[in-house]
Enquirer: 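Quick one: the structure is below, and I'll ask about it shortly.
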Amino acid sequence: MSPETTLARLADEFLAAMNRHGVHIDRPVVEQEMRERIDAIAEVLRLDTQTVLRDHAQDGWGRQMAAAAIEQIRQDRLLDINWR
């Protein structure tokens with residue numbers, strides 16, 4: 001059984017993945033964005049945020065979000081980074 005999914009754990013995953021690509025973002029910004037996304041999911045599903053985190057946020061969700069962000073940065077050439 002994996003550890004409980006928390007906002008902090010999702011942010012850790014996201015930030016670690018972004019850092020590996022040379023993209024550094026302030027943690028409070030990431031946590032706020034994630035909080036807003038989780039709240040929106042909770043509203044659509046008519047659940048509380050803890051239920052969304054426990055039952056719907058799977059292991060690796062933070063890394064998946066980072067991969068999508070990295071791809072968008074690459075496609076839109078938003079940063080001049082030597083991609084790894």
Enquirer: Mind checking side chain to side chain contact (heavy atoms under 4.5 Å, CB included) for I41 and listing every partner two or more places apart, or none if nothing turns up?
Expert: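 By the side chain to side chain contact (heavy atoms under 4.5 Å, CB included) rule, I41 matches L45, V52, W61.
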Enquirer: Atom CD in Q50, atom OG1 in T5: separation rounded to 0.5 Å?
Expert: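 Output value for this atom pair is 10.5 Å.
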Enquirer: Who pairs with D48 by side-chain hydrogen bond (donor to acceptor under 3.5 Å, both in side chains), at least two apart in sequence or on another chain?
Expert: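 For D48, the residues satisfying side-chain hydrogen bond (donor to acceptor under 3.5 Å, both in side chains) (neighbours in sequence not counted) are T51.
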Enquirer: With rounding to the nearest 0.5 Å, note down the distance linking CG in L15 to CZ in R63.
Expert: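 So the gap between those two atoms works out to 13.0 Å.
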Enquirer: Which atom pair, heavy atoms only, marks the closest approach of A11 to M34?
Expert: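 Heavy atoms of A11 and M34 come nearest at N-SD, 3.6 Å.
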Enquirer: Atom CD1 of I73 and atom CD1 of I70: how far apart are they, to the nearest 0.5 Å?
Expert: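 One gets 4.5 Å once the value is rounded to the nearest 0.5 Å.
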Enquirer: With sequence neighbours left out, write down each residue that passes salt bridge (charged side-chain N to carboxylate O under 4.0 Å, His left out) with E33, or none if nothing qualifies.
Expert: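 Per chain and number, E33 pairs via salt bridge (charged side-chain N to carboxylate O under 4.0 Å, His left out) with R37.
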Enquirer: Would L53 and T6 satisfy side chain to side chain contact (heavy atoms under 4.5 Å, CB included), going step by step from the backbone distance to the final call?
Expert: CA-CA 6 Å; L53 285 169; T6 63; 5.5 Å; no
Enquirer: With sequence neighbours excluded, what pairs up with D12 under the salt bridge (charged side-chain N to carboxylate O under 4.0 Å, His left out) test?
Expert: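 Partners of D12 by the salt bridge (charged side-chain N to carboxylate O under 4.0 Å, His left out) criterion, ordered by chain and then number, come out as R27.
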Enquirer: Kindly write out the residues that satisfy side-chain hydrogen bond (donor to acceptor under 3.5 Å, both in side chains) with T49, not counting sequence neighbours, or none if the list is empty.
Expert: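 With neighbours one apart ignored, the set is empty.
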Enquirer: Are more than 12 heavy atoms from other residues, nucleotides or ligands located less than 6.0 Å from atom CD of E43?
Expert: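 Counting other residues, nucleotides and ligands, CD of E43 stays at 12 neighbours or fewer.
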Enquirer: Determine, step by step, whether L47 and D55 satisfy the side chain to side chain contact (heavy atoms under 4.5 Å, CB included) criterion, reporting the C-alpha distance in whole Å, the side-chain angles of both residues, the deciding distance to 0.1 Å, and the verdict.
Expert: CA-CA 10 Å; L47 300 170; D55 297 344; over 6 Å; no
Enquirer: Residues two or more places apart in sequence or in another chain: which of them pass side chain to side chain contact (heavy atoms under 4.5 Å, CB included) with V44?
Expert: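 Counting only residues at least two positions away or on another chain, V44 forms no side chain to side chain contact (heavy atoms under 4.5 Å, CB included).
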